[in-house]
Amino acid sequence: MRNLWYKNAVIYCVDVDSFRDSDGDGIGDFRGLTDSLDHIEALGATCIWLLPFYPSPDRDNGYDISDYYNVDPRYGTLGDFVEFMRAAADRGLRVIVDLVVNHTSVDHPWFRASAGDPASKYRDWYVWRKDKPKDADKGVIFPGVQKSTWTRDPRRKEYYFHRFYEHQADLNIANPEVREEIERIMGFWLELGVSGFRIDAAPFVLEDLAKLEDGTDPHAYLAELQGFLSWRRAEAMLLAEANITMDEADEYFGSGDRLHVIFNFPLNQKLFLALARGDGEPVRAQLKALPALPAVGQWATFLRNHDEIDLGRLAEDERQEVFDAFGPDKSMQLYERGIRRRLAPMLGGDERRIAMAFSLMLSLPGTPVIWYGDEIGMGENMDLPERHPVRTPMQWSADGHGGFSTAAPKDWIRAPVLDGPFGPLFVNAQGQKTDETSLLSTVQRLIRVRRACREIGWGEMEVLDLGVSSVVALRFEWRGGVVVVLNNLADAPVTLDLGAVVGPAHARNLLRREADLRPDASGACALRLSAHGFEWLRLQG
Ligand code: NOJ
């Protein structure tokens, strides 16, 4: 069971450069993060996912790495990283890190050698062609920003492939030396104590292997990676960023020997459609379509992350509905498919609704992942380019422009949200910590209850039909325990009859002190949910 810790984990995602600055240079760092572990521990998270913190020219928020074996000097030293790992472990917090090996920065010495030195051993580490392929304008990930997937390098006088920006050259994973290096990178960070990796752009990592014509299944490489982990650190897990369809799940999870966890992107898109409509049906339908997973497999569920909300899997009219509700202004939309906003402003700053969104996310089957700042309802800075609006500095307190750094805000890594209803005066961690009615306190309570409901992380889920479409009602069962979670997406109260759900048993309210719910003599068991209300119940007896 210990090795399956991720099944009942709560993951908190941190971008070191915008979390807390300890030395007053305006850039968040490992010492600042170490000093802020109280917040993460008190929230109830059990694992921290660090966005890339490696040396990087930082043209894609660190997803353009120039050295896999170090910490970017702006964030501290390897020594600071080790101190942070020790402090996190002291609090029982695990740490996973981003493994970005689909590509490197073009500033990486490997790429420079591959492009500029014909005798280099890195010659074949990237994907090169003498001529520009005819389909070079196909498959761009950032339309409107990125024009092609092939760019000419003047040194080599050839074209290199880049699935993402042209400054991110794709590694040639088909080259066994590259695969060996990837294991060396993983081995390095495992030695420093990490509990696993978030594999960036997983489907694209497999792309080169798919082109090999030797009959190997590219997904088998995932088993190779898991095999490596199991030798080096058996409890380490692989969490993949893979926006896959449910039909592809088998290939990615294998029989439990490939990936452990995959972000459930399709469910996330349906969740926002459901929130936009105030109707649970899109979520219910998606949940019913979930394939069975191997016992060690798990979904990762989330509301927001550091990227845009990707709505690419919704039908066009559905996507338009979500745009209309949450990103009506063109400036809020991105790459023709997404919304570059934070959760709280999308939901109009309505705390009941934000809390319900958390309750819903935390009660979906899988391991919840929380984007820093969403737990206090932070807003976005729409003046920042591309995906940066949601990456503003953490708002710690009402004073000092939010307490992220002692430097003047103009020198901060990213321009913060300073004014308005989402500015630090109204939205900050310190103020919410001592206020029992704050969003932070509600999210803390929900996380505490979620962790105690191991049925959700481990058990069997059933989508309940209570005849009220705005309510997502889920029942989880594991080892004899039964938990029922009810979330009302509508802006109007509803009354449910839980008679058939509670049956001869009675139901204990897990969030509030209330008398147990018991069916009356006729078998009916009425429960009222307020507008955007939610209840977590445990069946007793
Ligand atoms: C996915 C990451 O989440 C995103 O931020 C990044 O730009 C791309 N992968 C490329 O690494």
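Both ligands and their constituent atoms are indexed starting at 1 by order of listing.
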| request: Just need the protein heavy atom nearest to atom 3 (O) of ligand 1, so name the residue and atom and give the distance. | output: Asp307 OD2, 2.5 Å
Which atom pairs, donor and acceptor, lie under 3.5 Å between side-chain atoms of residues 151-163 and protein residues at least two apart or in another chain?
| from | atom 1 | to | atom 2 | distance (Å) |
| --- | --- | --- | --- | --- |
| Thr151 | OG1 | His162 | NE2 | 2.7 |
| Asp153 | OD1 | Arg155 | N | 2.8 |
| Asp153 | OD1 | Arg155 | NE | 3.2 |
| Asp153 | OD1 | Arg156 | N | 3.2 |
| Asp153 | OD2 | Arg155 | NE | 3.4 |
| Asp153 | OD2 | Arg155 | NH2 | 2.8 |
| Arg156 | NE | Glu158 | OE1 | 2.8 |
| Arg156 | NH1 | Ser114 | O | 3.0 |
| Arg156 | NH1 | Arg123 | O | 2.9 |
| Arg156 | NH2 | Glu158 | OE1 | 3.3 |
| Glu158 | OE2 | Lys130 | NZ | 2.9 |
| Tyr160 | OH | Glu166 | O | 2.5 |
| His162 | ND1 | Phe164 | O | 2.9 |
| His162 | ND1 | Tyr165 | O | 3.4 |
| Arg163 | NE | Glu207 | OE2 | 3.1 |
| Arg163 | NH1 | Gly139 | O | 2.7 |
| Arg163 | NH2 | Glu207 | OE2 | 2.3 |

| task | Verify whether the ring centers belonging to Tyr75 and Phe84 lie closer than 6.0 Å. | result | no
| field | Close approach, Phe142 and ligand 1, non-hydrogen under 4.0 angstrom | value | yes
| said: I'd like to know whether the aromatic ring centres of Phe19 and Phe404 sit less than 6.0 Å apart in this structure. | reply: no
| note | For Arg387, the atoms of ligand 1 under 4.0 Å from one of its heavy atoms are 4 (C), 5 (O), 6 (C), 7 (O)
| Glu380/Arg341 ion pair, N-O < 4.0 Å | yes
| field | Nearest neighbour in protein (non-hydrogen) for atom 9 (N) of ligand 1 | value | Asp200 OD1, 2.8 Å
| request: Below 4.0 angstrom from a heavy atom of His103, which ligand 1 atoms are there? Numbered from 1 as shown, please. | output: 10 (C), 11 (O)
| query | Would Arg129 count as a cation-pi partner of Trp150, with NZ or CZ less than 6.0 Å from the six-membered ring centre and within 45° of the ring normal? | reply | no
| message | Rounded at 0.5 Å granularity, tell me how far CZ in Arg313 sits from CD1 in Ile244. | response | 8.0 Å
| task | Report, in ascending order of atom number, the atoms of ligand 1 lying under 4.0 Å from any heavy atom of Glu241. | result | 1 (C), 3 (O), 9 (N)
| request: Return yes when Arg198 approaches ligand 1 closer than 4.0 angstrom through a heavy atom, no otherwise. | output: yes
| task | Please report which non-hydrogen protein atom sits nearest to atom 6 (C) of ligand 1, along with the residue it belongs to and the distance in Å to one decimal place. | result | Asp60 OD2, 3.4 Å
| field | ligand 1-proximal atoms of His162, by part, heavy-atom distance under 4.0 Å | value | neither
| task | Measure the shortest side-chain to side-chain distance between Leu50 and Val16 over non-hydrogen atoms and say whether it is less than 4.5 angstrom. | result | yes
